[in-house]
Structures are given as structure tokens and as C-alpha cells.
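Chain A is the first sequence line, chain B the second, and so forth, proteins listed ahead of strands; every chain is numbered from 1. Because the structure is predicted, anything quoted here is derived from the model rather than measured.
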Amino acid sequence: MTLRVSLAIDQPLDLDASLDSGQSFRWRRDDAEPGAWLGVLEGRVVRLRRTRSGVEAEVEPEAGLSAEEIATRLTAYFRLDDDLPAIQRALAADPHVTAGIVVFPGLRILRQDPWEILAGFILSSTSNIPRIARTMELLASSLGEEARLGGVRRHAFPSPEAVAEAGEGRLRELRCGFRAAYLAAAADAVAAGRLPLHELRGAPYAEAAAALTALPGIGPKIADCVMLFSLDRAEAFPVDLWVRRALVDHYGLDPKLSYDSVREWAWERFGANAGYANQYLFWHIRQTRRPMIAAGLTQPLEP
DNA sequence: TAATAACCTCGCAA
DNA sequence: ATTGCGAGGTTAT
């Protein structure tokens, strides 16, 4: 039997919108149970489902975690300590962000593993969500530890050490393309302690940004994604193609504006929770303009 | 400082 | 059918 842990919550939480909005690449819908999701957290396969009073996690009992420890991890992962309605009220002065909030009121920013997120967004360069997800799955099945939940078999995303060990050549074989060198370099830096990701959690924005962009292949956009989705920097405002389109369309922003200028503009307009505004703008325009991309996410996994 | 090309791969027709 | 283009960027020129 598997272990089921329920967590009562009084915060909005939409699993679909939170796990499938481009901030995470390794969650899959559970074909066997509508509404449920399967993922790998800290090397353990987890099934998540929304319940009337909150959220329920299902893991192998051999995982060796107490119910309390699991509840603590869920709270951290979904940032349930963030008062989302308060954040949404603070952003409500903006009609375009509000439009996103209205459609996805339970979309939360996740607090994910910094290394996995760093790797994922290195792979995102000139790519697209289905392909990033595919490549990460290939890396996991090739280099990661196997994990199970009942009959479900998945693999943990490989450690920095395992990716460093694989090296650029192997990473190219695993469909990373020109990003292979960047991923290998990042894995080296993390494994060797030159990039102390966990120490950067909660570090000042400028410090975290400088440490990340010091690595090859990591510019301001990828750094912002890592800071927003894994390093507790809710003010990070990743400006990708779609966010830029949204800003140009909705606010008449000059399309040629530099990255730094857009960031300043966002901080002035949205303040400390610019990252939440970003996510609502991003996912809303994305769902509106390119509904096909989301469908691509549910394709077959492992080779 | 600002523009432009190159970089792997792959799915779809902008 | 098949080719060409562009996809949640970054770097080098």
C-alpha cells in the first residue's frame, strides 16, 4: 500500500495551472486518475490530487517520511505561506494582470529545486516547452535514479555530479544541442561548489543574479527564471518572447527596450511581487495565443 | 551602445 | 511531400 497524506489548506490552489504553466517541466497528468498529477520530488515519485479541503500527496511508505514531513514539504513546494489573495489584491490595480488572475486564480508560483530549475531553463534557450520536457525526461531516464510509486516508474532528475560526469558529449547525444556545453559547465560549477545554489536562496536579487549570470549560457532571462521559480525571489521578472509581446501589446512598451529597462519598468509598476504579475501575464497570453502548445505536453515519455 | 548571425533539434505551416 | 522557419536565449562579432 502507498502512503497518503492530506494537507488542509485555506489558500487557492489549482494543480493544473500551477504544475502546467511553464514553470515546471516534469509533472505529468495521471492517465489513471483524472485531475491527479505524477512527479518526482527529492528522488521520490509523488502523486498529487486536489481534495475538498486541500491537497493530498501519495508516496511509497518506504520513502521514510512522516506525514508531518510530507505536509511541510508540500507547504514549501506550493508556497502556501504566501498569501496569494493578498498578492492578487495588490496586483488588482492592473487590468491585464487581473485578466490572468480571473482565468487562473489558483495559479501559484512553485518553490522548486534550484539545480533542476537551472538545468531546465538552460535547456529552454531557443526551445519550447514540449521539447524542454522531452529532453529533461531523457536526461532523467538516462542519468537519473529510478523511483517508483506502485506500478508507476519514473526517474529523478540527475544530480549535478551525474550530469557533470556525463559531460558535454554525452549531453549532446541526449538531445541537448548547443546547450550541452552550458549544462555541463553549470553541473561542474554546482558539483564543485563554485555555484552554491542553496545558499543563494533568499539572497539579495543582485547577488543571486550576478552569481548565476557568471556562468556561460546563463543570461538575465534564465537567471530570472531560476530566481523566481527556485530561489525565493518573487520580484524576479523573466522577460521572454511572450512576456515582451504582452507588454508591447497591453502597455505599448517599446519592443526594442533593453532587458534592464523592461525590468525597471516592471519593478516600478508591479513592485515586490512582479514575478506573480509576470506569471499571470505569461500564462494568460500563452493560453490565449497558442493553445496548441499545452496539448503537446501530454505526449509519450521515456524513449 | 545597438544590431546581426550562429548555435542543435524538431514539429509544423505563422 | 518537402523545405523553411521559429521556438519561454546567449554569446560573439
Atom-pair distance (CD1 on A/Ile222; P on C/dT10), nearest Å
4 Å
How long is the line joining NZ of A/Lys256 and C1' of B/dT4, in whole Å?
15 Å
For a quick check of understanding: with a heavy-atom distance under 4.0 Å over all strands, which category does [X] fall into, base, sugar-phosphate or nothing?
X: A/Gln23; result: base
X: A/Phe229; result: base
X: A/Pro238; result: nothing
X: A/Leu215; result: sugar-phosphate
X: A/Ile122; result: nothing
X: A/Cys176; result: nothing

Centroid separation A/Phe237 to A/Phe282 less than 6.0 Å:
no
Quick test of your reading of the model: are A/Arg50 and A/Asp14 salt-bridged, counting only N-O distances below 4.0 Å?
no
Watson-Crick or G-U stems of DNA chain B, 3 or more pairs, under 3.5 Å, by first number:
B:3-7 with C:9-13, B:9-13 with C:3-7
Determine whether the aromatic ring of A/Phe178 stacks with the base of B/dC7, defined as ring centroids separated by less than 5.5 Å and ring planes inclined by less than 30°.
yes
Would you please confirm or rule out a distance under 4.0 Å between OP1 or OP2 of [N] and any side-chain N or O of [X]?
X: A/Arg179; N: C/dG9; answer: no
X: A/Arg134; N: B/dG11; answer: yes
X: A/Arg172; N: B/dC8; answer: yes

Protein-nucleic acid N or O pairs under 3.5 Å, nucleotides 4-6 of chain C:
none

Evaluate the ring planes of A/Tyr251 and A/His96, with Trp represented by its six-membered ring, and classify them as parallel (under 30°), tilted (30 to 60°) or perpendicular (over 60°).
perpendicular
Considering only the P atoms, how many Å lie between C/dA1 and B/dT9, rounded to the nearest integer?
26 Å
